[in-house]
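Model, not experiment: these values are computed from the prediction.
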Amino acid sequence: MQDAPQSQAHGATASPVELNTPQAEAVAHVGGPLLVFAGAGSGKTRVITYRIANLVARERVPPWRILAVTFTNKAAGEMRARLERPDLLGPVARDLWVGTFHATCAKFLRLYPEAIDRTKSFVIYDTTDQKAVVTRVLRDMNLDDRRYSPKSVLARIHKEKQEGRGPADMHLDSYLDDAIQKAYTRYEAALKAANALDFEDLILSVVRVLEATNDGSFPAEVLRARDALEKKFDYILVDEFQDTNQIQYRLLKRLAARTKNLCVVGDDDQSIYRWRGADVRNIRYFRRDWPDAKVVKLEQNYRSTKNIVSSALAVIAPSPTREPKELWTDKDHGSQIRVIACADERDEGACVVRAIRDARDAGISPKEVAVFYRVHAQSRVLEEALRSVDIPYQIVGGTKFYDRAEVKDALSYLRVLVNPKSDVDLLRIINTPPRGIGHTTVERLATYATTQQLSLFEALGRLDDFAEDLGSAARKRLGQFRELMNLLMSEAKDRPAAEVLRILLAKSGYKKALEDEDTAESEGRLENLAELEGSMSDYETEAEARGEAPTLEGFLERVSLVSDTDKLGDVEKVTLMTIHGAKGLEFELVLLTGMEEDMFPYRNQEPRSPEEMEEERRLAYVAITRARQHLIVTHAKQRQIFGTTRLGVPSRFVGDLPADAIEHLETAAARAAGASGRWIDRDSMAAATSWRSRPASTTPSPSWRRPGGGGSNEQVTPSEWGAGPAAWRQGAAPPGRRAPEPGERFVDYDEAQDAQDGVELRRGSKVVHERFGRGEVMKLVTAGEPAVVAFFPGWGEKKVLARFLKLG
DNA sequence: AGCTGGCGGGTTTTT
DNA sequence: CCCGCCAGCT
């Protein structure tokens with residue numbers, strides 16, 4: 001054991017930037033374990049990057065002996081970019097190991113593939129591939145697929161792997177598990193035969209290497225890999241530690257065993273991935289595992305207004321198990337949190353549109369606006385609302401580029417070229433495009449391969465041995481396919497990846513099949529393939545810039561480990577995403593939609609367990625803390641989802657918001673619905689007591705009937721959101737709109753109902769004003785009594801009380 | 001071989 | 001309601 005480099009750092013920042021006291025402490029702490037509780041918006045990334053810079057610049061730690069682990073590739077890229085800036089480390093930062101758990105492990109395993117019974121060309125199976133393997137395994141075992149669905153079996157295998165157990169030592173909880181254990185064993189064998197690893201394997205295999213003992217039961221190459229890895233890193237930093245699972249933490253403990261220089265940064269309040277194996281206890285019990293750990297809490301929020309911070313705290317406060325900490329900010333209170341009742345999901349969509357337009361008119365760039373929802377199913381209606389008024393948006397999540405069928409096909413071709421043993425990939429392409437190799441033929445090939453213990457590709461090479469089982473046409477076609485693949489393999493040698501793709505698309509007939517199809521859809525597919533080719537070229541450029549040789553293997557690994565959502569972002573569009581997708585991001589304006597019981601907190605069937613409910617609460621905390629200046633929360637009185645209509649009671653999280661930070665509003669349609677009394681189920685209402693007890697005065701109830709009479713005008717006051725230039729679709733700016741003012745009712749002009757009260761004014765109504773002359777109503781508002789915002793040529797947009805207007 | 005309609009199932013998602 | 005999968009038909 002050798003001690004890691006140590007010395008005292010005085011006021012240790014690597015460059016003259018202000019850090020607050022706890023931030024500076026975290027940066028300066030050098031020897032031994034460090035736990036940083038980093039509240040939302042508390043400058044966590046700054047602490048990590050400065051800490052690394054400090055280690056390299058002051059403590060003289062060689063950069064290649066520092067490992068920084070992040071949760072996503074995007075986070076890794078951003079961290080590296082920051083460190084490479086001249087005010088931090090500059091080009092030296094390139095030698096740092098910065099990456100996700102998976103990418104880091106894959107990088108290491110490529111160096112020592114023999115230690116895990118693979119070759120260096122091993123492929124990484126994604127969820128679809130894994131499912132295909134499990135499906136085959138279960139079919140081979142003739143298992144009842146109602147009891148043993150591929151999905152559930154795979155989920156179980158993942159769970160075992162995440163907790164570090166192989167087939168031999170998996171937990172057997174019920175009689176059903178015996179079959180699962182057999183399936184797990186076969187699954188592992190199939191992956192090994194295919195020279196493939198799944199995501200969990202990347203981590204688990206490295207842990208196995210690190211845990212190898214000298215008792216003679218491990219081959220020399222495993223021990224060699226272990227020794228190399230044990231010595232590899234002097235300092236380890238982990239971001240988003242609250243989202244690590246057991247096996248990841250075990251990996252960290254092993255990697256840091258020699259030096260104890262393990263720094264973990266996270267926020268237990270933002271732990272939202274329990275359902276996929278994250279264990280919040282890793283961060284909560286870190287001090288127990290590392291009694292010497294220095295603990296720092298970053299509690300000053302630099303991101304949000306007081307109203308937002310106090311709302312977030314109010315939502316998370318009821319959580320009984322959290323690490324005590326107080327987020328605070330010295331910013332202003334800012335605007336009130338708006339809680340808007342909508343009639344239904346369409347009304348909510350209209351309301352979102354309204355809010356986005358108001359934001360735009362207040363000078364907020366669309367990329368600073370995000371719309372959150374709990375489940376993707378909510379996005380469709382919101383999309384429709386935005387599309388119908390030409391508001392540009394991007395959706396994060398949903399179907400990904402690399403999941404498109406044509407992209408997967410192309411990648412399967414490429415993977416077979418690199419790793420012919422990959423049966424899943426071969427099965428995908430053997431008859432794609434259609435080349436007359438049907439199910440029966442494939443089954444016969446597979447049967448032969450299984451009995452001879454060969455991969456499908458190897459079996460193809462011995463066609464003659466089982467030709468008697470095949471028709472002559474089938475035989476011929478398999479032969480042609482084999483020739484095609486052999487040709488492609490020889491063509492692929494020493495060629496840039498993008499060129500290999502071009503060749504294979506041409507020679508396989510894939511491109512021609514799409515061209516012949518000649519539909520809008522096939523055209524889109526061709527475009528996607530062109531994009532794939534583009535991303536391969538990009539990869540080559542990047543690899544060369546890093547001084548690495550670009551290889552097809554390298555590209556395929558990147559595809560496996562990098563999601564395309566990683567590169568979403570810097571466009572002038574509103575972002576729509578689930579709250580999970582929003583972790584780590586921040587926006588000027590956040591619209592949090594669907595805030596009803598059973599939507600958020602989400603509930604499918606059974607009541608949620610307390611643990612699940614706590615995670616929902618943390619999710620709400622994450623959502624709120626994404627907002628810098630403005631937060632709008634919407635809920636609908638009824639909602640169509642999954643084909644049924646649900647009645648909506650405002651979420652308990654809405655009830656938790658502090659009264660002095662929020663204002664309650666409702667759309668006209670919601671008010672109409674409320675007045676009719678049809679939609680609110682009294683018992684459900686009683687459940688949301690804090691909601692019901694809210695004073696009636698917070699939701700005044702104006703009438704839209706236009707009274708007669710005359711008097712003075714009411715001018716439009718400057719928007720509370722500030723009046724910056726509208727940076728939206730240039731040239732298409734509609735007549736300006738402003739944000740509602742405090743206390744103003746938020747009634748959507750699109751939805752303003754006139755039937756109820758015999759309203760005569762509506763959006764688009766032509767009106768005459770004594771002073772301003774003829775104008776057009778832009779929207780209905782209230783100023784203690786019915787009013788409108790109307791556009792008067794020569795005067796501009798004015799807010800005037802309805803009673804001063806005549807229809808014209 | 002390939003299409004079509006019926007059926008079941010539908011948090012959240014990165015890697 | 002919307003999607004993906006499978007069986008059964010053409």
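Looking at heavy-atom distances under 4.0 Å, Phe71(A) makes contact with sugar-phosphate atoms alone, never a base. Glu345(A) comes within contact range of no nucleotide atom at all, as no heavy-atom separation falls under 4.0 Å.
Only one option out of Trp275(A), Phe600(A), Phe372(A) pairs with His580(A) in a ring-ring contact (aromatic ring centres under 6.0 Å, His included); it is Trp275(A). When Asp409(A), Asp129(A), Leu411(A) are each tested for a side chain to side chain contact (heavy atoms under 4.5 Å, CB included) with Arg428(A), only one passes: Asp409(A).
Atom CD in Gln378(A) sits about 14 Å away from atom C1' in dC1(C), given to the nearest Å. Spacing between atom CD1 of Ile395(A) and atom P of dT13(B) amounts to 12 Å, rounded to whole angstrom units. Computed from coordinates, the Lys151(A) NZ to dG9(B) C1' distance equals 8 Å when rounded to whole Å. At whole-Å resolution of the value, CD1 in Ile272(A) and C1' in dT14(B) are 11 Å apart. Rounded to whole Å, atom C1' of dT12(B) lies 13 Å from atom CZ of Arg274(A). Atom CD of Gln162(A) and atom P of dT13(B) are 16 Å apart (whole Å). Straight-line distance from the CG atom of Leu556(A) to the C1' atom of dT15(B): 16 Å, rounded to whole Å. Rounded to an integer number of Å, the gap from CD of Glu615(A) to C1' of dT13(B) is 12 Å.
Of the candidate nucleotides dT12(B), dG10(B), dC6(C), dG10(B) has the atom nearest to the side chain of Phe642(A). Nearest nucleotide to the side chain of Arg374(A), out of dT12(B), dC2(C), dT15(B): dT12(B). For Lys131(A), whose side chain is taken as the heavy atoms from C-beta onward, the closest listed nucleotide among dT15(B), dC5(C), dC2(C) is dC5(C). Candidate nucleotides dT15(B), dG2(B), dC2(C) were compared by shortest atom distance to the side chain of Asn431(A), and dG2(B) ranks first. You'll find that the side chain of Pro434(A) is closest to dG2(B), out of dT12(B), dT15(B), dG2(B).
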Report the C-alpha distance between Asn419(A) and Ser121(A) in whole Å, list the side-chain angles of each, state the deciding distance to 0.1 Å, and finish with yes or no for side-chain hydrogen bond (donor to acceptor under 3.5 Å, both in side chains).
CA-CA 6 Å; Asn419(A) 179 30; Ser121(A) 312; over 6 Å; no
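When the P atom is compared between dT13(B) and dG4(C), the two are found 16 Å apart, to the nearest whole Å. Nucleotides dT12(B) and dC5(C), compared at atom C1', are 23 Å apart to the nearest Å.
The shortest side-chain heavy-atom distance between Tyr187(A) and Asp198(A) falls under the 4.5 Å cut-off.
When each of His439(A) and Leu619(A) is assigned the nucleotide of DNA chain B with its nearest heavy atom, His439(A) is the one assigned upstream, toward the 5' end. When each of His102(A) and Val375(A) is assigned the nucleotide of DNA chain B with its nearest heavy atom, Val375(A) is the one assigned upstream, toward the 5' end.
Few gaps surround NZ on Lys107(A); more than 12 heavy atoms of other groups in view lie less than 6.0 Å from it.
Residue Asn73(A) has a polar side-chain atom (N or O) positioned under 4.0 Å from OP1 or OP2 of dT15(B). Side-chain N/O atoms of Arg276(A) include none lying less than 4.0 angstrom from OP1 or OP2 on dT12(B). Residue Thr644(A) has no polar side-chain atom (N or O) positioned under 4.0 Å from OP1 or OP2 of dC1(C). For dC2(C), neither phosphate oxygen OP1 nor OP2 lies less than 4.0 angstrom from any side-chain nitrogen or oxygen of His376(A).
Stacking between Tyr602(A) and dT12(B) is absent: the aromatic ring centre is not both under 5.5 angstrom from the base six-membered ring centre and within 30 degrees in plane angle.
Considering all non-hydrogen atoms of both residues, Pro601(A) and Arg652(A) come closest at CG-NE, 3.7 Å.
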